[in-house]
Amino acid sequence: MRIDIVTVLPELLKSPFEASILNRAQEKGLVEVHLHNLRDWTTDNYKTVDDYQYGGGAGMVMTPEPIQRCFEELMKERNYDEVIYMTPDGVVFNQHIANQLSLKGNILMLCGHYKGVDQRIRDKYITLEISIGDYVLSGGELAAAVVSDAIIRLLPGVLNNETSALEDSFQDNLLAPPVYTRPAEWEGMKVPDILLSGNFAKINEWREEQAYQRTKDRRPDLLED
Ligand code: 6GU
């Protein structure tokens with residue numbers, strides 16, 4: 001898989017991809033992540049990427065030409081399976097979308113800034129618009145890092161068996177059950193006996209029950225469909 005991210009703040013996105021699992025996935029050759037500074041495709045001395053909005057109103061709009069030049073250059077090199085615009089008015093990201101995207105070959109992401117991008121860029125190039133939740137970030141970069149992380153950890157070979165993605169919260173629309181490690185008693189609190197029993201059928205049953213109970217208490221909306 002290859003992910004290209006177009007941004008006015010590449011430095012904000014660098015470190016998430018240079019640490020831990022995301023770095024290891026790249027070193028193993030399982031994914032390539034390329035950051036592109038939108039200002040590299042400007043033509044004026046001020047490297048302008050935004051302009052006032054037609055019709056008036058506060059806030060600047062990302063101007064189409066630098067994005068077009070950047071996109072066209074990238075698209076000359078390869079076909080993109082999805083061109084994603086990161087924006088608070090996109091569809092709300094979830095595990096299902098992460099699963100779908102993890103099956104793609106080449107993904108191009110555009111990080112929104114200011115009041116967002118000129119609508120015509122969305123009309124011409126964008127195939128998917130994603131938000132990571134109902135709150136506003138100062139730009140799409142952190143959201144792009146979140147979405148990339150959720151996708152990359154699903155790629156075959158990125159996680160080892162101990163951290164298998166199949167047992168994640170949400171993978172079956174349930175929250176994960178509680179987990180314990182040594183010591184068996186801590187601060188007067190004991191690990192549930194069942195987990196020490198060695199009866200794996202019973203342990204699995206207990207975990208499923210706990211996952212269901214937790215979901216019912218905390219996220220009943222997940223049980224609705
Ligand atoms: Cl993708 N961008 C911004 N700026 N804010 C957000 C978001 C994205 N998702 C949730 N809030």
Side-chain angles (χ1 to χ4, degrees), residues 1-19 21-22 31 33-42 47-55 57-68 70-71 74 80-104 106-155 168-170 173 175 218-219 221-222:
M1 166 177 281
R2 176 181 167 119
I3 302 177
D4 288 277
I5 305 180
V6 177
T7 166
V8 291
L9 284 172
E11 61 275 25
L12 180 56
L13 268 167
K14 262 181 79 172
S15 71
F17 294 104
E18 286 172 355
I21 285 174
L22 298 191
V31 63
V33 180
H34 297 266
L35 304 178
H36 306 279
N37 190 339
L38 188 57
R39 294 190 198 279
D40 292 345
W41 279 271
T42 54
K47 299 189 184 291
T48 308
V49 292
D50 59 343
D51 206 340
Y52 296 99
Q53 55 176 318
Y54 277 116
M60 305 296 275
V61 174
M62 290 171 82
T63 196
E65 292 97 330
I67 297 169
Q68 175 183 32
C70 175
F71 276 17
L74 290 169
Y80 287 94
D81 302 296
E82 214 71 76
V83 183
I84 303 172
Y85 175 47
M86 300 306 305
T87 176
D89 58 3
V91 296
V92 179
F93 190 60
N94 61 20
Q95 192 62 45
H96 175 73
I97 300 172
N99 293 346
Q100 297 283 311
L101 292 176
S102 74
L103 303 172
K104 309 284 183 185
N106 297 318
I107 292 174
L108 178 53
M109 284 189 206
L110 173 65
C111 301
H113 254 269
Y114 319 109
K115 280 276 159 190
V117 68
D118 188 296
Q119 179 60 38
R120 292 166 295 182
I121 283 289
R122 297 166 79 156
D123 295 341
K124 181 172 168 69
Y125 293 109
I126 301 299
T127 62
L128 180 62
E129 303 189 327
I130 293 179
S131 159
I132 61 164
D134 293 337
Y135 42 83
V136 180
L137 302 170
S138 53
E141 282 76 13
L142 297 176
V146 165
V147 169
S148 298
D149 182 296
I151 296 170
I152 291 168
R153 64 186 293 286
L154 294 172
L155 299 176
D168 290 342
S169 276
F170 292 110
N173 249 348
L175 302 183
R218 300 178 182 194
R219 293 294 307 277
D221 57 298
L222 293 176

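Atoms within each ligand, like the ligands themselves, are counted from 1 in listed order. Below, all heavy atoms of this structure are taken into account, side chains as well, without hydrogens, waters or symmetry copies.
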List of N/O pairs, ligand 1 versus protein, all under 3.5 Å?
| unit_1 | atom_1 | unit_2 | atom_2 | d |
| --- | --- | --- | --- | --- |
| ligand 1 | 4 (N) | Leu137 | O | 3.1 |
| ligand 1 | 5 (N) | Leu137 | N | 3.0 |
| ligand 1 | 9 (N) | Ser131 | OG | 3.4 |
| ligand 1 | 9 (N) | Ile132 | N | 2.9 |
| ligand 1 | 11 (N) | Tyr135 | O | 2.6 |

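Listed by chain and residue number, Ile132 satisfy the side-chain contact (heavy atoms from CB on, under 4.5 Å) test with Val146 (two or more places apart in sequence, or in another chain). Judged as a side-chain contact (heavy atoms from CB on, under 4.5 Å), and not counting sequence neighbours, the contacts of Asp149 are Leu22, Arg153. Partners of Asp89 by side-chain contact (heavy atoms from CB on, under 4.5 Å), not counting sequence neighbours, listed by chain and number: Thr87, Arg122.
For the side chain to side chain contact (heavy atoms under 4.5 Å, CB included) with Met109, the qualifying choice from Val33, Val83, Leu13, Ile84 is Ile84, the only one to do so. Each of His113, Glu141, His36 was compared with Thr7 under the side-chain hydrogen bond (donor to acceptor under 3.5 Å, both in side chains) criterion, and only Glu141 meets it.
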Between Tyr125 and Gln68, is the side-chain contact (heavy atoms from CB on, under 4.5 Å) condition met? List the steps. CA-CA 9 Å; Tyr125 293 109; Gln68 175 183 32; 3.3 Å; yes

